[in-house]
Amino acid sequence: MTLIYIDLKRYFSFDLKKCMHSGQIFGWKNFGKKWYGFLNKVPVCVSQEENKLIVVSNKSITEDDIIYFFNLDEDVDKINKKIDVNDFMEKAIELYCGIRVLRQDPVETIIEFVCAQNKNIPAIQKTITEISKRYGEKAEMNGITFYGKPNIRKIAKSKLSEILETGIGYRAKYLLSTAEKISEDSTYVDKIRSMEYFSALNAMTSGKMKLYGVGLKVADCILLYGFYKLEAFPIDVWILRAYHYALKGFYDENLLSVNGFRKTKLSRKEYLLMGDVARKVFGKYAGYAQLYIYLASRSLFGGSKKF
DNA sequence: CTTGGACCTGACAAC
DNA sequence: CGCGGCAGGTCCAAC
């Protein structure tokens, strides 16, 4: 039994709930203030009390593991300063201060975001939980059962019909193909890790290393949340809705409209261009800016679904 | 190179 | 209470 208290006063502003609700992590179970999930392949229960982060586990885990996973020692003051380029960003930073880009396992993020496409958050969580249940490990703490750590090789070896039982829908063939590809090449993840952002994005979405079912947006999510490549700026429908506010004046607004209406779909070229604008404005912290914009957009346009 | 459909499934709002 | 449109996109075929 491990019990770790981390004094958050030693770090920059941190908010566990905001991190867990930021759309970058799925499959953790939430009861009240407690979150159950796998951290560095170890089942844990995490909670926050004001200036303390509390992590409980019945397996071995260190304070450093936790600091690393939650990126506690990230200099977010510096980042926030850099991306605070207008009133919109200032407000978003103020509202969602305490957020971090987490350091999840790369393979798990690949599974997560292949499944997440064209689904809403409750549906994503349901599917990820089902996948973890079938292809991952079971854990129990405080009488609560939860699952995590889905095994990519196990997925690669299973049948399409089996994967379909998770509620994943038409993405089943994407997941199977991607699982096969990563399982075949044991160096796949390391190769992506060692590449700089653009090479990695291109590798995952085209050519020999292309993953079936991984387009630009999903690849960006994987690179940001799974590989901690902060230049990644995933553009989904929420970013598209708020782009006009977050990056007003930094780009040609005709790019985002057709006959006066906001575009709902981007071509590859447009997607890359809009990302480049964000990278130019936010520098190497585009990924952090994306998190703030995403959350602000959800609260602005998300109706009852806002956090 | 760009564009419009199709696509599994389910939580959700609007009647 | 059941129905229809939509959801953190991507693939594919056809211009």
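Proteins come first, then strands; the chains are lettered A, B, ... in the order of their sequence lines, and each starts at number 1.
Contacts of Tyr212(A) with the nucleic acid, taken as non-hydrogen atoms under 4.0 Å apart, involve only primed sugar atoms and P, OP1 or OP2. Counting any heavy atom pair closer than 4.0 Å across all strands shown, Glu165(A) reaches no nucleic acid atom. Residue Lys269(A) is in sugar-phosphate contact alone, with no base atom involved, counting any heavy-atom pair closer than 4.0 Å across all strands shown. Among the heavy atoms of the strands, none lies under 4.0 Å from Glu130(A). Residue Leu216(A) is classed as a sugar-phosphate contact, given heavy-atom separations below 4.0 Å to backbone atoms only. Residue Gly215(A) is in sugar-phosphate contact alone, with no base atom involved, counting any heavy-atom pair closer than 4.0 Å across all strands shown.
Using P as the reference atom, dG5(B) and dG5(C) are 15 Å apart when rounded to the nearest Å. On the C1' atoms, dC11(C) is 22 Å away from dG10(B), given to the nearest whole Å. With both ends at atom P, the span from dA11(B) to dT10(C) equals 23 Å, rounded to whole Å.
Through side-chain heavy atoms spaced under 4.5 Å, either directly or across other Ile, Leu, Val, Met, Phe, Trp or Tyr residues, Trp28(A) is tied to Ile4(A), Ile6(A), Leu8(A), Tyr11(A), Phe14(A), Leu16(A), Met20(A), Ile25(A), Trp35(A), Leu39(A), Val42(A), Val44(A), Val46(A), Leu53(A), Val55(A), Ile61(A), Ile66(A), Ile67(A), Phe69(A), Phe70(A), Leu72(A), Leu102(A).
Put simply, CE on Met204(A) is 12 Å from P on dC11(C), counting in whole angstrom units. If you measure from atom CD1 of Ile222(A) to atom P of dT10(C), you get 9 Å, rounded to the nearest angstrom. At whole-Å resolution of the value, CG in Leu211(A) and P in dT10(C) are 12 Å apart. Rounded to whole angstrom, the span from the CD1 atom of Ile110(A) across to the P atom of dG9(C) amounts to 19 Å. What separates NZ of Lys119(A) from P of dT10(C) is a distance of 15 Å, to the nearest Å. In this structure, Lys173(A) places its NZ atom 8 Å from C1' of dC11(C), rounding to the nearest Å. Separating the NZ atom of Lys265(A) from the P atom of dG5(B) is a distance of 9 Å, rounded to the nearest angstrom. Put simply, CD1 on Ile168(A) is 13 Å from C1' on dC7(B), counting in whole angstrom units.
Scanning atom types as modelled, no donor and acceptor separated by under 3.5 angstrom connect the side chain of Tyr271(A) and the base of dG9(C). Side-chain to base pairing of Arg171(A) with dC8(B): one donor and one acceptor N or O lie within less than 3.5 Å of each other.
For Val218(A), the side-chain atoms get nearest to dT10(C) when compared with the rest of dT10(C), dA11(B), dC7(B).
Using the six-membered ring where Trp is involved, Phe146(A) and Tyr36(A) have ring planes that are tilted, between 30° and 60° apart. Note on ring orientation: taking the six-membered ring where Trp is involved, the planes of Tyr288(A) and Tyr285(A) are perpendicular (angle over 60°, cut-offs 30° and 60°).
Scanning for salt bridge (charged side-chain N to carboxylate O under 4.0 Å, His left out) contacts around Lys9(A) gives Asp7(A), with sequence neighbours left out.
The side-chain hydrogen bond (donor to acceptor under 3.5 Å, both in side chains) analysis of residues 226-235 of chain A, with sequence neighbours excluded, yields the pairs Glu74(A)-Tyr228(A).
Residue whose closest nucleotide on DNA chain C sits further toward the 5' end, between Phe113(A) and Tyr174(A): Phe113(A). The residue among Asn118(A) and Pro122(A) whose nearest nucleotide of DNA chain B lies closer to the 5′ end is Asn118(A).
In DNA chain C, runs of at least 3 consecutive Watson-Crick or G-U pairs, each pair with both distances below 3.5 Å, span B:2-7 with C:9-14.
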Identify every side-chain donor-acceptor pair in residues 202-215 of chain A under 3.5 Å, counting partners at least two apart or on other chains, and give the distances.
| from | atom 1 | to | atom 2 | distance (Å) |
| --- | --- | --- | --- | --- |
| Asn202(A) | OD1 | Arg268(A) | NH2 | 3.2 |
| Asn202(A) | ND2 | Phe198(A) | O | 3.3 |
| Thr205(A) | OG1 | Leu201(A) | O | 2.7 |
| Thr205(A) | OG1 | Arg268(A) | NH2 | 3.4 |
| Ser206(A) | OG | Asn202(A) | O | 2.8 |
| Lys210(A) | NZ | Val214(A) | O | 2.9 |

Side-chain atoms of residues 131-141 of chain A: list all donor-acceptor pairs with protein atoms under 3.5 Å, sequence neighbours left out, distances to 0.1 Å.
| from | atom 1 | to | atom 2 | distance (Å) |
| --- | --- | --- | --- | --- |
| Ser132(A) | OG | Ile128(A) | O | 3.0 |
| Arg134(A) | NH1 | Glu165(A) | OE1 | 2.8 |
| Tyr135(A) | OH | Ser158(A) | OG | 3.1 |
| Glu137(A) | OE2 | Lys149(A) | NZ | 2.9 |

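The shortest distance between the side-chain N/O atoms of Arg241(A) and the OP1/OP2 oxygens of dA7(C) is below 4.0 Å. For dC11(C), one of the phosphate oxygens OP1 or OP2 lies less than 4.0 angstrom from a side-chain nitrogen or oxygen of Lys210(A).
In this structure, a donor-acceptor pair under 3.5 Å is present between the side chains of Thr187(A) and Asp185(A).
For Tyr197(A) and Phe227(A), the distance between ring centers is not under 6.0 angstrom.
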